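Worksheet: one structure, shown below.
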2 protein chains.
Amino acid sequence: MNHLAALKPLEDTTIRGRTVEQLRRLVVTGELAAGMRLTETELADALGISRGPLREAIRELVDIGLLVSKPYKGLFVREITRKDLEEIYSLRTMLERFAFQEAWEKRTPEALEDLKARNKKLIGSIEAATDPLGPIEAELHLHSWCYELSGHRLLLQSWNRLKPNLQFYFAMHQQAHERKGPKRRSHDLYIRLASGNDLGAMLDHLNDHMRQGLETTIGFIDCA
Amino acid sequence: MNHLAALKPLEDTTIRGRTVEQLRRLVVTGELAAGMRLTETELADALGISRGPLREAIRELVDIGLLVSKPYKGLFVREITRKDLEEIYSLRTMLERFAFQEAWEKRTPEALEDLKARNKKLIGSIEAATDPLGPIEAELHLHSWCYELSGHRLLLQSWNRLKPNLQFYFAMHQQAHERKGPKRRSHDLYIRLASGNDLGAMLDHLNDHMRQGLETTIGFIDCA
DNA sequence: TGCGATTTGTCCGTATGTATT
DNA sequence: TAATACATACGGACAAATCGC
């Protein structure tokens, strides 16, 4: 057993699995514009696969919420309204507060090192400024820390379902504003509190952190 | 436009949609035993459909968590460990507390009547004692009230994803114990607090209610 | 109001890859 | 190792529903 095997998520062996990843990437990066209609035959053709596994992959993305399927009418890239975004953030706040409560007693020196490393990677990604989508991914990876540490598989699964929607909105927002993503020091307090001994302060900060995140990114959406 | 159209959830027009419901029912009622292996060709044959839409329906049930798919190995009905159940209950507690917070200010006299009606239906279903699975469905329908009232679509969706897993476990538990489901007056306090003016008391009660539910139903599972 | 074009939904036959015996 | 069973995937076909003219 190669000890590196645990690091790479074990490349999908099925076309369906790879297609899910491929489509997810195309949507969250904005290469497939929000609201755009997708036709199966075109997609299958472009991806070089047949309609069977493609339709299965589509089902998964519809479940996550990145695609919207209306029977016999068509398949569309999701659009995000202001209310959608508020729902995403409020649910996310609940989940992350819960994750910290579950993870709090499980914090080890190694885990905290891991957290700092993720922040360092985020900062590095911001400073490098090569891939404009890098910081987004790095920030979400930073936030994944508490969910992973909690050991709560159902909670982690919920987060993983929510994550692509956030990623999708961030990329959309960034394109529209032609602006850099997260600021370099935006998570300093987050890290400090997560490493400290005051769970209540951490939970309070999460409310602030999330509200702030919502307010700074909610600008340009049509009210629904 | 018929004004009744909004009442019935509009029977699924696609085989996939109907198959999802059919399979969900077969699983949560225990007609497909936990851990049982399913072969696609048999299933397609038994349901009288082809493998295409069946495989798509399977994807949805795998996402919900009722089925487990191991690539190239097979498809199985999920099994529930003690840890799974604890996770389901702890997440559910979070979601329902959040739902009540969101729904609290939206309670109208009509909404509270609706809640009481759901409880009455639950009691009636228990006393009728015809379909042993009726009370389970009625109880879940009662608990759905706060999610629907909250107007939080993403939250409702999360609940709807969690619900089949609870339903599945309840039916399994009931079969194993040959016992009736919920007691007649189990939700009296729940209803009274939900109709009252002390949100804090309601939230506290949810913790109790859920912990109690977990403890009374956790008996017979293998520790994992 | 129909009619035709397009697309989704569905089915079937077949081939290939994987796991298990 | 060979053989079997089954999941996965492909391609072609047709039916059903929608939309534009």
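Each chain gets a letter, A, B and so on, in the order the sequences are listed, and its residues count up from 1. For clarity, every value in this text was computed on a predicted model and none was experimentally measured.
- Across all strands, A:E40 comes closer than 4.0 Å only to sugar-phosphate atoms, never to a base (heavy-atom distances).
- Taking the side-chain contact (heavy atoms from CB on, under 4.5 Å) definition, one finds that B:Q167 meets it with B:R24, B:V28, B:I136, B:E137, B:L140, sequence neighbours left out.
- Using a 30° and 60° split on the angle between ring planes, A:F100 and A:W145 fall in the tilted class, from 30° to 60°.
- Each salt bridge (Lys or Arg N to Asp or Glu O under 4.0 Å) pair with one or both residues in residues 36-46 of chain B, not counting sequence neighbours, appears once here: B:E40-B:R55.
- Residues A:L54 and A:L23 form a side-chain contact, since some pair of their non-hydrogen atoms from C-beta on lies under 4.5 Å apart.
- A residue-by-residue look at A:Y72 and A:R16 shows that A:R16 has its nearest nucleotide of DNA chain D further toward the 5' end.
- Proximity of residues 45-68 of chain A to DNA chain C (heavy atom under 4.0 angstrom from any strand atom) is restricted to A:R51, A:R55.
- Put simply, CG on A:D12 is 15 Å from C1' on D:dA9, counting in whole angstrom units.
- Judged as a side chain to side chain donor-acceptor pair (under 3.5 Å), and not counting sequence neighbours, the contacts of B:E110 are B:T108.
- Here D:dT8 presents its C1' atom at 11 Å from CZ of A:R18, a figure rounded to the nearest Å.
- Heavy-atom contacts of chain A under 4.0 Å fall on DNA chain C between two terminal nucleotides, which in 5' to 3' order are C:dT7 to C:dT10.
- Within the model, atoms CD of B:Q22 and CD1 of B:I15 stand 10.0 Å from one another, a figure rounded to the nearest 0.5 Å.
- Using a cutoff of 4.0 Å between basic side-chain nitrogens and carboxylate oxygens, B:D84 and A:R153 are scored as salt-bridged.
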Side chains of residues 154-166 of chain A: which donor-acceptor pairs under 3.5 Å do they make with residues two or more places apart or in other chains?
from	atom 1	to	atom 2	distance (Å)
A:S158	OG	A:L154	O	3.0
A:W159	NE1	A:S144	OG	2.9
A:N160	OD1	A:K163	NZ	3.2
A:N160	ND2	A:L156	O	3.4
A:N165	OD1	A:R78	NH1	2.8
A:N165	ND2	A:I64	O	3.3
A:N165	ND2	A:R161	O	3.2

